[in-house]
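One structure is given below, encoded as structure tokens.
All values below come from the heavy atoms of this structure, side chains included, with hydrogens, waters and symmetry mates left out. Whatever order the structure lists them in is the order used to number ligands and atoms, beginning at 1.
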Amino acid sequence: MKLVFFSLTGQTRRFINKLELPANHAHEINPNNPFHEINEEYILIVPTYDAEVTEVVNDFIEYKTNQKNMLGVVGGGNRNFADLFIFTAKDIARDYQVPLLFSFEFNGTLEDVKNFKKVVDNLESKKS
Ligand SMILES: Cc1cc2nc3c(=O)[nH]c(=O)nc-3n(C[C@H](O)[C@H](O)[C@H](O)COP(=O)(O)O)c2cc1C
């Protein structure tokens, strides 16, 4: 299973780096060319911004088999935005009918890293 993420200012990328994944287990969506087919099941991790900013994430999801292979979505955000906390991930969960698996603020705490790993392990054990 892969992790696919988008990061505008580097917080989400930092979270992914903290997971210390084996090589090639993560794919960063390229805002200049999001059209990349993953070809295997993956979890999407997205920060929260206005729809114009995250449109490239939708472009990625809708490319070839990517929508079919998306197992769930994780939201990164900032709780100061209150009701708007992780709305991008929530919108993706609703629009593409996938579960919202986890949320964290900024680049995540060590506790977030630990808890997110449990979510991934859990999902992997259900698959095997
Ligand atoms: C212009 C702007 C708007 C944002 N709007 C929201 C928001 O509505 N809800 C939220 O939870 N976080 C919001 N955030 C916080 C970011 O999603 C958060 O800092 C995230 O960790 C950034 O990830 P990135 O550095 O990988 O792009 C906003 C940040 C900026 C700069």
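- For Asp121, the CG atom sits in a packed shell: over 12 heavy atoms of surrounding residues, nucleotides or ligands are nearer than 6.0 Å.
- Every atom of ligand 1 with a heavy atom of Gly10 under 4.0 Å away is listed here by number and element: 24 (P), 25 (O), 26 (O).
- Taking a cut-off of under 4.0 Å to the non-hydrogen atoms of Leu8, the atoms of ligand 1 that pass are 24 (P), 26 (O), 27 (O).
- Those atoms of ligand 1 that come under 4.0 Å of a heavy atom in Ile86, given as number and element, are 10 (C), 11 (O).
- In terms of protein heavy atoms, atom 17 (O) of ligand 1 is closest to Thr48 O, 2.8 Å.
- Counting the atoms of ligand 1 from 1 in the order shown, those under 4.0 Å from a heavy atom of Thr9 are 24 (P), 25 (O), 27 (O).
- Near Thr12, meaning under 4.0 Å from any of its heavy atoms, are these atoms of ligand 1: 23 (O), 24 (P), 26 (O).
- Counting the atoms of ligand 1 from 1 in the order shown, those under 4.0 Å from a heavy atom of Leu84 are 7 (C), 8 (O), 9 (N), 10 (C), 11 (O).
- Distances below 4.0 Å separate heavy atoms of Phe87 from the following atoms of ligand 1: 8 (O).
- Taking each heavy atom of Arg79 and Glu105 in turn, the nearest pair found is N-OE2, 2.8 Å.
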* Would you please test Asp112 and Thr109 for side chain to side chain donor-acceptor pair (under 3.5 Å) and show each step? => CA-CA 5 Å; Asp112 291 328; Thr109 62; 3.1 Å; yes
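- Less than 4.0 angstrom separates some heavy atom of Phe85 from each of these atoms of ligand 1: 11 (O).
- The shortest N or O to N or O distance between Gln11 and ligand 1 is under 3.5 Å.
- Side-chain N/O atoms of Asn66 and Tyr42 include no donor and acceptor closer than 3.5 Å.
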